[in-house]
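Working notes, structure below.
Heavy-atom basis, side chains included; hydrogens, waters and symmetry copies ignored. Note that this is a predicted model, so its numbers are computed, not measured. Letters A, B, ... mirror the listed sequences (proteins, then strands); counts begin at 1.
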Protein chains: 2
Amino acid sequence: MKHSKDIQPHCPMGATLAILSGKWKLLILTHLTTGKKRFSELQKCIPDITQRMLTMQLRELEALKIIHRKVFPVIPPKVEYTLTDIGFSLQPVLNHLESWGEHYLKEVLTVPDKV
Amino acid sequence: MKHSKDIQPHCPMGATLAILSGKWKLLILTHLTTGKKRFSELQKCIPDITQRMLTMQLRELEALKIIHRKVFPVIPPKVEYTLTDIGFSLQPVLNHLESWGEHYLKEVLTVPDKV
DNA sequence: CAGAATCCACAGCGATACTG
DNA sequence: CAGTATCGCTGTGGATTCTG
């Protein structure tokens with residue numbers, strides 16, 4: 001059991017977490033739900049990410065079959081990223097995560113936090 | 001923006017992820033959904049975790065108001081951990097995550113992975 | 001344009017020993 | 001029993017430079 005990236009077929013949670021872990025995957029996924037994006041477009045959407053990280057996370061997501069990478073053999077290079085079917089099926093999950101997050105923040109910020 | 005632990009009130013996703021990140025939080029949460037547990041009980045439930053890590057993750061979850069820590073001032077010490085209301089509200093989210101994970105694993109393992 | 005390669009800092013996690 | 005304290009490894013992510 002080296003790190004959390006190892007996906008065991010027996011552990012759905014581990015698989016899910018492997019997909020959601022990483023600092024930028026959520027952002028990338030979110031932006032891809034609005035349609036296909038080129039590498040440079042993603043960079044604009046997520047200004048703080050470096051090329052290196054964007055590349056790495058995209059490759060991971062590709063290996064996990066969450067996104068598809070379409071390379072156009074042209075000069076200058078052009079690559080388009082799209083969600084796969086499985087990738088799209090993540091959307092409701094992400095929404096659920098987000099709506100819970102809102103609920104959580106509201107609750108926690110409401111509680112007077114008695115020390 | 002140092003690391004992903006920093007929760008911004010504006011980002012529900014970030015909050016949610018901060019809660020789910022960490023190697024053991026899911027396990028701990030899962031075990032606590034079945035009722036209150038003492039420190040030593042959690043250790044038995046999760047044999048591979050070290051005291052240090054168990055302590056750390058529990059403290060994080062406590063700070064995030066996901067669990068409650070009840071200390072009994074007795075000798076020997078006794079501490080009970082329970083889920084807070086917000087902690088309990090996480091359950092459906094976790095189930096959703098898990099069921100998607102199952103779906104995902106089934107799909108991905110099915111696809112012949114054409115290279 | 002879309003990356004690959006290299007170098008590096010630091011957070012996460014683990015092992016072990018000690019304590020009220 | 002339920003923790004601290006200390007040490008160290010390793011992986012993740014960042015900055016920068018180079019390329020087809």
Side-chain angles (χ1 to χ4, degrees), chain A residues 1-7 13-14 17-29 31-32 36-64 67-82, chain B residues 1-8 11 13-14 17-29 31-32 36-64 67-82:
Chain A
M1 190 196 293
K2 282 297 198 70
H3 50 293
S4 55
K5 283 279 168 61
D6 306 318
I7 299 185
M13 275 302 217
L17 278 203
I19 289 162
L20 299 188
S21 72
K23 194 169 175 178
W24 306 99
K25 296 214 189 73
L26 265 313
L27 272 303
I28 296 172
L29 255 16
H31 285 294
L32 284 180
K36 61 168 161 243
K37 292 263 186 313
R38 299 186 55 176
F39 189 89
S40 51
E41 292 180 295
L42 285 172
Q43 279 198 90
K44 268 169 214 141
C45 295
I46 316 170
D48 288 341
I49 199 172
T50 60
Q51 292 104 331
R52 171 191 155 84
M53 285 318 293
L54 184 53
T55 303
M56 289 181 69
Q57 308 269 326
L58 285 170
R59 289 293 149 82
E60 276 185 47
L61 289 171
E62 187 194 2
L64 291 165
I67 64 175
H68 180 66
R69 180 167 176 264
K70 188 175 184 183
V71 182
F72 296 81
V74 297
I75 306 275
K78 172 175 174 177
V79 181
E80 271 178 7
Y81 293 92
T82 51
Chain B
M1 194 196 296
K2 282 297 196 68
H3 50 292
S4 54
K5 283 278 167 60
D6 307 317
I7 297 185
Q8 293 109 329
C11 183
M13 277 302 216
L17 277 203
I19 289 161
L20 299 188
S21 72
K23 195 171 177 178
W24 306 100
K25 294 213 189 76
L26 265 316
L27 272 302
I28 295 171
L29 255 15
H31 286 293
L32 284 181
K36 60 168 162 248
K37 291 262 186 313
R38 298 186 55 175
F39 190 89
S40 50
E41 291 181 295
L42 285 171
Q43 277 197 91
K44 269 171 211 139
C45 294
I46 315 170
D48 287 342
I49 199 173
T50 60
Q51 293 106 327
R52 171 191 154 84
M53 284 318 293
L54 184 53
T55 302
M56 290 180 68
Q57 308 270 328
L58 284 170
R59 289 293 148 82
E60 276 185 46
L61 289 171
E62 187 195 1
L64 292 165
I67 64 175
H68 180 66
R69 180 168 176 262
K70 187 175 184 183
V71 182
F72 297 81
V74 297
I75 305 277
K78 173 174 174 178
V79 180
E80 272 178 8
Y81 293 92
T82 51

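- The backbone N or O of B:Arg38 lies less than 3.5 Å from a partner atom in the side chain of B:Glu41, making a donor-acceptor pair.
- The rotation axes computed at either terminus of the helix from C:dC1-D:dG20 to C:dG20-D:dC1 lie 50° apart, taking five pairs at each end and rounding to 10 degrees.
- Between the P atom of D:dG3 and the CD atom of B:Glu60 lies a distance of 15 Å, rounded to the nearest Å.
- Listed nucleotides: C:dG14, C:dG3, D:dG14. Nearest to the side chain of B:Thr50: C:dG14.
- Residue pairs meeting the side-chain hydrogen bond (donor to acceptor under 3.5 Å, both in side chains) criterion with at least one member in residues 69-82 of chain B, sequence neighbours excluded: B:Arg69-B:Tyr81.
- Minimum atom distance to the side chain of A:Arg69 is reached by C:dA2, of the listed C:dC13, D:dG13, C:dA2.
- Within residues 72-82 of chain B, the residues approaching DNA chain D are B:Pro76, B:Pro77, B:Lys78, B:Val79, B:Tyr81, by heavy-atom distance under 4.0 Å.
- Note: CZ (A:Phe39) to P (C:dA2) measures 7 Å, nearest angstrom.
- For the pair A:Ile28 CD1 and D:dG13 C1', the interatomic distance rounds to 13 Å; values are reported in whole Å.
- For A:Leu42 and C:dA2, the CG to P distance is 9 Å, given to the nearest whole Å.
- Listed nucleotides: C:dG14, D:dG3, D:dG13. Nearest to the side chain of A:Gln57: D:dG13.
- Between A:Ile46 atom CD1 and D:dG13 atom C1' there is a gap of 15 Å when expressed in whole angstrom units.
- Residue A:Leu61 comes nearest to A:Leu29 through the heavy atom pair CD1-CD1, 3.9 Å, listed as atom of the first residue, atom of the second, then distance.
- Residue B:Glu41 is classed as having no contact, given no heavy-atom separation below 4.0 Å to the nucleic acid.
- With sequence neighbours excluded, the residues that form a side chain to side chain contact (heavy atoms under 4.5 Å, CB included) with A:Thr50 are A:Arg52, A:Met53.
- The distance from atom CD of B:Gln51 to atom C1' of C:dC13 is 14 Å, rounded to the nearest whole Å.
- Distances shorter than 4.0 Å separate some side-chain N or O of A:Arg38 from OP1 or OP2 on C:dA2.
- The distance between atom CE of B:Met53 and atom P of C:dA15, rounded to the nearest whole Å, is 11 Å.
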Short N/O separations, protein against nucleotides 6-8 of chain D, under 3.5 angstrom:
from: D:dT6; atom 1: O4; to: B:Arg52; atom 2: NH1; distance (Å): 3.1

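- Taking every side-chain heavy atom of A:Arg59 into account, C:dG3 is the closest of C:dG3, C:dG14, D:dA2.
- Atom CG in A:Leu58 sits roughly 7 Å away from atom P in C:dG3 (whole-Å rounding).
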